[in-house]
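Shown next, in structure tokens, is the structure this report addresses.
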Amino acid sequence: MGVVITVPVCLLLAVTGLAVHGRAEVLGDARATRAEVDLSLRIQALVHQLQRERGMTNGLLGGEDEFRTPLDATRERVDTVLLAMRREGAVEGVVQRHLRRLPDIRAAADKRAADQAGTLTFYTSAIDALNAVDPVAESATGADRQLRDGLAALRELAAATESVALERGLLNGVFARGAFRGRAYIALTEVRATRIAALARFRQVATAPQRAALERAFTTEDAERATAYEKQAEGAADGSPLSADAGTWWDAMTVLVDDLYAVQQSVGDDVRHRADRLSRDAELALAAFLVGGALIAALVVGLAVFASRSLTRPLRMLAVTAQDVARRRLPEAVARIQQSPHDRADLARADAPDDPHAPLLGGVAEIAEVAASLRRVEDPALRLASEQAGLRRNTTESLANLGRRNQNLVRRQLGLITRLERQELDPDALAELFELDHLATRMRRNAESLLVLAGQNPPRPTAAPVDGLVVVQSAVAEVEQYRRVLIATVEPVRVRGHAVADVAHLLAELIENGLNFSPPTEPVEVHGWYDREDDTYCLAVVDHGIGMSEADKERAQGLFSDSGEEALLAAPTRFLGHLVVGRLADRLGEGTRIDLFDTPGGGLSALLSLPGRLLASAEDPATPPPHARPAVSSLLNGFRAGVARAEARNPQGASS
């Protein structure tokens with residue numbers, strides 16, 4: 001009886017408690033977002049001043065002495081903002097890491113002894129690091145679409161403002177020198193392409209007033225004057241002399257940067273107001289849930305008491321009746337039977353209580369009915385199993401069909417983009433075509449992943465052996481953030497043609513995983529060497545990110561070695577990349593292994609071992625391998641030790 005009443009009461013109270021806990025989490029998220037937006041705006045204020053100092057310093061190194069006086073004032077503002085943020089401890093790590101050389105850079109610039117490109121790189125790296133620790137980039141906004149879009153708009157506008165400020169600094173030095181030198185024009189093209197992409201993403205998530213404010217910033221007289229200077233600079237891409245006033249360019253672009261910064265502050269105010277409103281709504285909702293929870297608890301307790309009494313009263317009456325039967329009625333009936341021997345049978349039938357075993361007959365009948373019901377369920381269960389098998393087959397065929405269609409479309413798209421790239425001369429359009437080309441390459445890899453999951457062979461065979469470095473470069477070309485990939489040391493090797501596509505695809509998946517789970521400022525390294533002891537060639541993908549727990553590593557190793565249909569159906573969708581890697585390793589055959597290890601200093605390293613049967617003889621065996629960096633030898637020793645520990649734990653090995 002107590003269990004019957006307690007279970008529903010506990011369930012209702014648990015549901016009420018979960019609701020209150022959910023509202024409390026929403027309130028905490030809203031307050032945390034509000035604090036993060038405030039910190040983000042302070043970081044952007046520092047970034048804004050550093051951008052101004054970067055541009056003036058670049059112009060000063062280019063030969064324009066008129067920037068000397070305003071540069072000193074800008075440096076004072078940078079120091080003031082930096083001192084305030086150091087007191088809060090908000091960016092202490094970034095300051096120690098990227099801005100500790102700021103006084104030396106300033107002193108070298110004042111003496112005109114600093115390298116212009118190196119100084120520009122120093123400031124740009126520091127600004128990128130500040131943007132990377134911006135809490136808005138990693139804020140958890142819950143399910144509120146407006147707040148999520150506002151944070152995304154703030155992030156994209158910060159990237160666009162940085163691109164405009166970087167272009168200001170680049171052309172400031174170019175105009176001061178009077179011509180493009182080295183890779184200055186290529187850097188300018190990349191910066192403008194980044195700005196165009198960031199503004200496009202901003203317009204997708206920004207509100208109509210925010211988009212209107214952005215358009216006003218780009219239609220002022222100073223913005224149009226800056227555009228004219230940009231077109232003049234485009235005409236001197238071949239290195240011809242430029243006769244442009246660096247001071248006028250600086251003033252026009254500074255107005256544009258300030259206008260963009262004002263739009264950025266306006267977007268930040270909108271996000272802050274939205275977070276405040278969500279916080280107030282969450283507070284009211286939490287109070288309402290607390291009051292409602294108290295009322296529900298009181299109601300549940302009252303109902304429980306009422307239900308308990310309604311059940312205990314009949315049970316008590318039943319107990320009294322049972323005691324009356326046992327203590328009075330049965331003894332009296334026995335006594336009457338004994339006193340009237342001639343009517344003994346009739347008295348027994350009249351006074352005897354109900355048969356206590358009668359309810360058991362009903363219970364047996366109910367059990368038999370349940371068994372019959374289970375037998376009736378058996379046939380639908382068999383039909384359902386058959387339908388599930390057919391559904392699995394149809395799903396696999398649909399994946400394969402969709403993958404082939406996407407692959408054909410992407411192949412045609414790549415051909416069209418290649419023709420357009422050959423015909424295009426506009427650097428802005430060419431930059432967008434290059435981005436489309438890279439996106440299409442990634443789409444092709446995704447289509448091939450569908451075919452791999454469906455058990456189909458992607459039609460990208462290669463007959464002749466390919467150099468290992470080319471295979472690594474092909475894999476790097478198929479990831480999004482390929483600029484962060486550092487191909488460190490890859491000893492000469494040739495991969496047999498039938499395995500080239502699968503090895504490149506597998507390596508691209510490992511590199512993509514390392515890029516996604518490491519800081520945007522940290523590179524992902526790729527090493528390759530020949531292990532003559534085991535007659536294998538090893539490719540290591542090393543990141544310095546968040547790493548993986550032992551449980552996650554064991555789960556990933558399990559998917560690498562068991563990537564069958566059951567694993568595909570049971571594994572969560574976030575582990576599909578591990579399934580693709582496992583199936584590719586299985587297709588490469590026995591001896592192909594993928595092992596995961598902790599990177600010294602933090603992060604995760606993936607080791608791909610290719611057996612000798614997948615390798616072809618090198619064209620020039622006498623060519624010495626490139627010299628490895630000092631850290632590579634210790635890294636390789638760590639890999640070998642990790643493999644030995646893994647084999648000791650699992651004597652059967654992890655071969656696919």
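All values below come from the heavy atoms of this structure, side chains included, with hydrogens, waters and symmetry mates left out. Treat the numbers as computed from the prediction; the structure is a model and nothing was measured.
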*May I ask you to decide if Pro465's main-chain N or O and Arg494's side chain share a donor-acceptor pair within less than 3.5 Å?*
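Judged by distance alone, yes, a pair lies under 3.5 Å.
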What's the shortest heavy-atom distance between [X] and [Y], and which atoms?
| X | Y | result |
| --- | --- | --- |
| Ile511 | Ala475 | CD1-CB, 4.4 Å |
| Asp552 | Arg555 | OD1-NH1, 2.7 Å |
| Ser609 | Cys538 | OG-SG, 4.0 Å |
| Ser518 | Asp543 | CB-CB, 4.1 Å |
| Arg101 | Phe122 | NH1-CD1, 3.7 Å |
| Tyr482 | Val476 | CB-O, 3.3 Å |

_Separation of Ser163 OG from Gln51 CD (nearest 0.5 Å)_ = 9.5 Å
*asked:* I need the Lys553 NZ to Phe597 CZ distance, nearest 0.5 Å.
replied: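 So the gap between those two atoms works out to 9.0 Å.
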*How far apart are the C-alpha atoms of Arg54 and Thr57, what are their side-chain angles, what is the distance that settles it, and do they pass the side chain to side chain contact (heavy atoms under 4.5 Å, CB included) test?*
CA-CA 5 Å; Arg54 174 182 59 189; Thr57 303; 5.9 Å; no
_Under the side-chain hydrogen bond (donor to acceptor under 3.5 Å, both in side chains) test, residues paired with Asn516 that sit two or more places apart_ = none
*asked:* Evaluate His498 against Leu614 for side chain to side chain contact (heavy atoms under 4.5 Å, CB included), listing each step before the verdict.
replied: CA-CA 9 Å; His498 71 278; Leu614 298 179; 3.8 Å; yes
*Stepwise salt bridge (charged side-chain N to carboxylate O under 4.0 Å, His left out) test for Glu590 and Arg613*: CA-CA 10 Å; Glu590 184 179 358; Arg613 58 183 179 77; over 6 Å; no
_Val524 and its side-chain contact (heavy atoms from CB on, under 4.5 Å) partner, picked from Val541, Val479, Val542_ =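 Going through the options one by one, the only one that passes is Val541.
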*Mind checking what makes ring-ring contact (aromatic ring centres under 6.0 Å, His included) contact with Phe180, not counting sequence neighbours?*
Tyr185
*Sole residue of Glu162, Glu156, Glu167 in salt bridge (Lys or Arg N to Asp or Glu O under 4.0 Å) with Arg195*: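 With Arg195 as partner, Glu162, Glu156, Glu167 yield a single salt bridge (Lys or Arg N to Asp or Glu O under 4.0 Å), made by Glu167.
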